[in-house]
Amino acid sequence: MSAPLHGRHALVTGAEAGLGYAIAEGLAAAGAGIVMHCLHADGPARLARDTLARKHGVPVELLPADLRDVDQIEAMAAEALSRVPRLDILVNNAVIRHFEPAHRLPRAQWDEGLAVNLSAPFHLARLALPGMLEQQWGRIINVSSVYGSGAAPNRIGYVTTKTALLGMTRALAVETAGNGITCNAVAPGTAPTPAIVAKIAAIAKESGQRVEDAEREYLAARQPTGRFVAMENVAALIVFLCAETGRDITGATLPIDGGWTAA
């Protein structure tokens, strides 16, 4: 089917750039109308919305919210439901990362990570589920990480929240399994997001390397494939899970990491 999600409506958090935009584009290409969450509805975010709508011919709404604030989350969900008939698909993609050892991590950063990476996905699922239950159809996708099943130094907030997100995924899946709703997690490895590209550029500058060499070393230490995980492939996996092809998959964590967890 060329448009397996025609007539569906998807809310994607952190959708104005990077992986979130790639996911929104994949869903739009499959026929879904999109509600793009962003932190600020600024020029780049509006351009992303307009580009997506023009390219794929689907309705695209842009809604800002600070995911640290539950009141803003609830207001965004209410506004989304005033603009689209229902939220058939929820993709919890937005993320915040802090890089500090545990004993130096400011408590505000710990709380911020819990709010954005874990509590916001719960609240958005809580708000989307009544409509999904009413129509007996829905898809919830939580974007976790390879760090949901492993760890690394100086990432305690990220590792903790991405691991907890897998437990939330399983709990929601079991709770909704008899209602035409699926809930799954995808666990990407290193993709060429703006944050990762900037990090590799900084490593190259600090070490005096070419960016290409720093990128090669960075990826070789993580993914046996030695290359980035393509963001469009993460999006394609999510489209598969959201379409009827994914109706029998629920409560699963699907790695897409170039062999990282296998190694």
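Positions are given from 1, in the same order as the sequence printed here.
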- Task: List the atom of Asn184, the atom of Ala252, and the distance in Å for their closest heavy-atom pair.
- Result: OD1-N, 3.0 Å

- Task: Can you measure from OH (Tyr218) to CZ (Phe228) and round to the nearest 0.5 angstrom?
- Result: 8.0 Å

- Indicate yes or no: at least one non-hydrogen side-chain atom of Lys55 is less than 4.5 angstrom from one of Glu25. yes

- Compare every heavy atom of Gln209 with every heavy atom of Ser207, then report the nearest pair and how far apart it is. OG-OE1, 2.9 Å

- Message: Within this structure, what is the CD1-OG distance for the pair Ile73 and Ser119, rounded to the nearest 0.5 Å?
- Response: 7.5 Å

- Tell me, which pairs form a side chain to side chain donor-acceptor pair (under 3.5 Å) where one or both residues lie in residues 231-241, sequence neighbours left out? none

- Item | Contact summary for Leu172 and Cys183, nearest pair of heavy atoms | CB-SG, 3.8 Å

- Query: Under 4.5 Å between any side-chain heavy atoms of Cys242 and Ile141, yes or no?
  - Reply: yes

- Task: Report, as yes or no, whether the 6.0 Å neighbourhood of atom CD1 on Ile156 holds more than 12 heavy atoms from other residues, nucleotides or ligands.
- Result: no

- Flag yes if Val60 and Leu62 sit in one hydrophobic cluster, no otherwise; membership is Ile, Leu, Val, Met, Phe, Trp, Tyr, and two members link when side-chain heavy atoms are under 4.5 Å apart. yes

- Does NZ or CZ of Lys199 lie under 6.0 Å from the centre of the six-membered ring of Phe99, at an angle within 45° of the ring axis? yes

- Query: Hey, is the main chain of Tyr158 close enough, under 3.5 Å, to the side chain of Thr161 for a donor-acceptor pair?
  - Reply: yes

- Message: Quick check: is Ile96 connected to Met76 through a chain of hydrophobic side chains (ILVMFWY, heavy atoms under 4.5 Å apart)?
- Response: yes

- Query: Got a salt bridge between Glu79 and Arg83, using NZ or NE/NH1/NH2 to carboxylate O under 4.0 Å?
  - Reply: yes

- Message: If we count only N and O atoms by modelled type, under 3.5 Å, do the side chains of Glu74 and His123 hold a donor and an acceptor together?
- Response: no

- Enter the distance from Tyr147:OH to Thr163:OG1 here, rounded to the nearest 0.5 Å. 11.5 Å

- Got more than 12 heavy atoms from elsewhere within 6.0 Å of CZ, Arg222? yes

- hydrophobic_cluster_shared for Val35 and Ile89, side chain cutoff 4.5 Å: no

- Query: Any side-chain heavy-atom pair from Phe240 and Ile249 closer than 4.5 angstrom?
  - Reply: yes

- Message: Within this structure, what is the NE2-CG distance for the pair His98 and Leu105, rounded to the nearest 0.5 Å?
- Response: 7.0 Å

- Query: Is the backbone N or O of Thr182 less than 3.5 Å from a side-chain atom of Thr250, with the two atoms forming a donor-acceptor pair by type?
  - Reply: no

- Roughly how far, to the nearest 0.5 Å, is the CZ atom of Arg68 from the CD atom of Glu112? 5.0 Å

- Query: Are Ile196 and Thr193 close enough that some pair of their side-chain heavy atoms sits under 4.5 Å apart?
  - Reply: yes

- Between Thr13 (side chain) and Ala94 (backbone), is there a donor-acceptor pair under 3.5 Å? yes

- Query: Distance-only, no hydrogens or angles: does the Lys162 side chain make a donor-acceptor pair with backbone N or O of Val143 under 3.5 Å?
  - Reply: yes

- Query: How far apart are the closest heavy atoms of Leu19 and Met231, and which atoms are they?
  - Reply: N-SD, 3.5 Å

- On a heavy-atom basis, the closest approach of His37 and Ala65 is NE2-O, 2.9 Å

- Quick one: are Thr190 and Trp260 in side-chain contact, heavy atoms under 4.5 Å? yes

- Message: Just checking Arg227: does its CZ atom have more than 12 heavy atoms from other residues, nucleotides or ligands closer to it than 6.0 angstrom?
- Response: no

- Message: Is it the case that atom CD in Glu212 sees more than 12 heavy atoms from other parts of the structure closer than 6.0 Å?
- Response: yes

- Message: Just verifying a value: how many Å separate Leu52 CG and Arg49 CZ, rounded to the nearest 0.5 Å?
- Response: 11.0 Å

- same_hphob_cluster(Met168, Val95) at 4.5 Å side-chain heavy-atom cutoff: no

- Task: Answer yes or no: is there an ion pair linking Glu16 with Arg46, defined by an N-O contact shorter than 4.0 Å?
- Result: no

- Message: Tell me whether Leu11 shares a hydrophobic cluster with Val70, the cluster being built from Ile, Leu, Val, Met, Phe, Trp, Tyr side chains joined at under 4.5 Å.
- Response: no

- Among Val12, Ile140, Val186, side chain to side chain contact (heavy atoms under 4.5 Å, CB included) partner for Val91: Val12

- Task: Verify, without hydrogens or angle tests, whether Ser149 (side chain) and Val146 (backbone) share a donor-acceptor contact under 3.5 angstrom.
- Result: yes

- Message: Show every side chain to side chain donor-acceptor pair (under 3.5 Å) that has at least one partner inside residues 134-143, sequence neighbours left out.
- Response: Arg86-Gln135, Asp88-Gln135, Asn92-Asn142, Gln136-Asn179, Trp137-Glu244, Asn142-Thr169

- Query: What pair of heavy atoms forms the shortest contact from Leu165 to Pro121, and how long is it?
  - Reply: CD1-CB, 3.9 Å

